[in-house]
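Notes follow the structure.
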Amino acid sequence: MENQMEKIVALCKRRGFIFQSSEIYGGLNGFWDYGPLGVELKRNVKDAWWRDMITMHDEFSVPPGAPQSFSMVGLDCSIIMHPQVWKCSGHYDLFHDFMVDCKACNARFRVDHVKSSECPLKPSKHPGEHDKCQLTEPREFNLMFKTTLGALGGAEDVAFMRPETAQGMFVNFKNVVDTTRVKVPFGIAQAGKSFRNEITPRNFTFRSREFEQMEMEFFCHPSQSYEWYKYWRDRRYAWYLKLGLSSEKLQLRDHAKDELSHYSVGTADVEYAFPFLEAGEFGELEGIAHRGDFDLRSHMEGKLVKNDAGQLVVEQGPDGKPRHPGSGKDLSYFDDQTRERFIPHVIEPAAGADRATLAFICEAYTEDRQPDEKGELQERILMKFHPKLAPIKVAILPLVKKDGMPEVGLNLYREFKAAGIPAYFDQQAAIGKRYRRQDEIGTPWCITVDGQTLQDQTVTIRDRDSLQQWRAPVNKVVDEIAAKLRG
RNA sequence: GCGGGUGUAGCUCAGUGGUAGAGCACUGGCUUCCCAAGCCAGUCGUCGUGAGUUCGAUCCUCAUCACCCGCUCCA
């Protein structure tokens with residue numbers, strides 16, 4: 001299966017889907033660039049998500065499986081936010097670990113966990129207590145990217161590149177409620193770049209240090225939150241299936257209780273069996289988390305921790321004051337129908353745009369055997385993208401470069417462009433070779449102008465996966481393809 | 001971060017201590033009425049990067065970067 005992944009990576013490079021960042025300088029670990037086809041594919045993934053979340057959402061009807069109708073609005077917040085955001089969210093403390101390595105047993109321990117860890121050489125002792133232990137000096141691990149505000153900025157002006165987009169939606173909760181007339185329940189959706197200093201970037205774009213997220217925060221009444229959690233969990237899983245991931249490779253996995261984050265009441269992952277994983281293993285595409293009122297309360301009161309009784313309370317510093325004070329703003333919600341004031345609970349479906357894109361690439365990659373012009377079976381590589389995701393929807397190919405066929409084809413190409421449908425015109429090389437080129441970049445349909453076109457104004461449409469062809473009037477094909485893309 | 005492997009044309013790879021080659025691809029032309037076709041012509045390389053040894057390094061040595069595999073990590 002490693003071989004399979006190598007072929008996929010090679011195709012991504014060869015056809016301009018994904019390049020290594022800064023390749024001419026030797027590359028940069030954990031960073032990737034999307035080429036001309038890759039940018040279209042990833043945009044289509046993000047568009048499909050945005051349309052599903054925002055554009056197509058009907059706030060006056062009750063979607064199947066939903067407890068009631070609801071509103072959805074979008075947001076695009078800055079990547080760099082007030083440093084206090086990350087202190088209250090818990091990222092600052094969680095992402096700033098001091099670690100020691102033991103050179104004797106190649107193990108790494110958090111400094112504050114050494115006394116509770118077992119030495120791999122002798123489990124009855126702690127790391128550093130065994131004769132053979134060779135612990136390094138504590139080293140700081142900054143999992144958040146640091147940057148500096150202002151040209152002369154010093155230590156006082158440290159800021160962070162966001163490690164998730166979610167906080168922008170919590171911080172803007174009050175702005176949205178005050179300015180848009182939305183009522184709970186409603187969701188705020190945002191897609192954008194996030195940054196994490198992953199210790200081990202690996203597996204192509206799966207674990208990158210700069211990546212794009214598609215996140216939504218759904219605010220609801222505490223009494224309804226579990227229903228909404230189940231609704232979004234099922235709906236998000238179905239979204240991937242609808243866009244072509246196979247049910248054998250996609251799973252919805254509920255987290256075990258001990259796996260839940262400290263604030264989470266329930267979490268499920270949408271996971272995909274990537275080719276770089278062992279058989280039976282799955283990689284996370286999206287996490288759907290029930291976050292309770294943790295986030296809004298954190299930004300009101302300050303960073304929260306769980307006390308011995310299991311309740312979330314503001315973490316105290318040595319001086320007895322909040323360790324990381326919140327904004328002090330009231331982020332509660334007043335329901336003017338029930339006259340009830342409450343802090344909404346949050347359901348968060350958080351997806352990786354690059355991971356989803358990679359899953360669609362892996363799923364699409366197909367090798368089959370098709371007869372050549374002599375009838376002998378030849379290997380064919382094709383990308384079976386869902387038409388909604390395919391970077392190029394249709395290729396227009398004059399069968400031969402004469403008798404007016406290129407002119408008819410070029411006119412058709414321009415009609416597709418005018419209709420906003422990504423199209424490609426190719427009159428070079430033999431027809432079979434051009435079909436294969438399109439197969440390899442996942443173009444769902446090829447339209448061929450042939451001798452008959454000049455007689456009766458019909459062209460052939462060829463299906464990528466089945467290789468079947470049928471004729472359609474040249475003045476109807478744009479509509480026909482447009483209809484297929486809608487359907 | 002540790003251990004192992006890899007790095008030569010766009011791709012797949014060959015090769016040698018004396019400054020590089022094949023197939024495919026690509027470009028142009030001719031031919032070609034449906035699935036990687038034929039003929040002709042043509043383009044393409046800081047041999048990952050840097051340093052050392054040497055009269056001379058793509059080849060030997062060291063360092064470094066990137067990718068792959070295993071371990072570790074994964075809020």
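Quick note on labels: first sequence line is chain A, next is B, and so on, each numbered from 1. Values below: every heavy atom of this structure, side chains too, minus hydrogens, waters and symmetry copies.
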For A:Trp86, ring pair (Phe, Tyr, Trp, His ring centres under 6.0 Å) partners two or more places apart: A:His91
Interatomic distance where CZ belongs to A:Arg202 and C1' belongs to B:C67 [whole Å]: 10 Å
Touch class at under 4.0 angstrom, heavy-atom based, for A:Gly30 against every strand present: sugar-phosphate
Whole-Å gap separating P (B:G10) and NZ (A:Lys13): 8 Å
Partners meeting side-chain hydrogen bond (donor to acceptor under 3.5 Å, both in side chains) with A:Asp354 (sequence neighbours left out): A:Tyr34, A:Lys42
Exam field: side chain A:Arg323 to backbone A:Lys303, donor-acceptor pair closer than 3.5 Å: no
Euclidean distance for P, B:G10 against B:A25 (whole angstrom): 16 Å
Inter-nucleotide C1' distance (B:U12, B:U6), Å rounded: 15 Å
Phosphate-side-chain proximity, A:Asn29 and B:C67, N/O vs OP1/OP2 below 4.0 Å: yes
B:U27 and B:C44, which share atom name P, separated by this distance in whole Å: 16 Å
Gap in Å between the two C1' atoms, one belonging to B:A57 and one to B:G4, rounded: 26 Å
Nucleotide B:C68, atom P - distance to CZ of A:Phe204 in whole Å: 9 Å
Side-chain donor or acceptor of A:Arg434 paired with backbone N/O of A:Ala395 under 3.5 Å: no
Whole-Å C1' distance, B:U49 and B:U58: 13 Å
Nearest-angstrom distance from the residue atom CD of A:Glu281 to C1' of B:G70: 12 Å
Step-by-step side chain to side chain donor-acceptor pair (under 3.5 Å) determination, A:Ser298 to A:Asp295: CA-CA 5 Å; A:Ser298 296; A:Asp295 302 282; 5.8 Å; no
d(CG, A:Asp33; C1', B:C67) in whole Å: 15 Å
Partner set under ring pair (Phe, Tyr, Trp, His ring centres under 6.0 Å) for A:Phe360, not counting sequence neighbours: none
Under 4.0 angstrom between A:Asn203 side-chain N/O and B:C69 OP1 or OP2: yes
Earlier contact from the 5' end, RNA chain B, for A:Glu198 and A:Val9: A:Val9
All ring pair (Phe, Tyr, Trp, His ring centres under 6.0 Å) counterparts of A:Trp32, not counting sequence neighbours: A:Phe204
P-based separation of B:A51 from B:G15 [nearest Å]: 28 Å
Plane angle bin for A:Phe145 and A:Phe31 - parallel if under 30°, tilted between 30 and 60°, otherwise perpendicular: perpendicular
Per-nucleotide protein contact string for nucleotides 25-39 of chain B, where B marks a base within reach and S marks sugar-phosphate only (heavy atoms under 4.0 Å, - for neither): SSSSS--BBBBBB--
Distance, C1' atom - from B:G48 to B:G7, rounded to whole angstrom: 6 Å
Dot-bracket summary - RNA chain B, pairs being Watson-Crick or G-U whose distances fall under 3.5 Å, with | when paired to another strand: (((((((..((((....[..)))).(((((.......))))).....(((((..]....))))))))))))....
Test side chain to side chain contact (heavy atoms under 4.5 Å, CB included) applied to A:Trp445 and A:Arg462, step by step: CA-CA 6 Å; A:Trp445 302 288; A:Arg462 175 245 195 204; over 6 Å; no
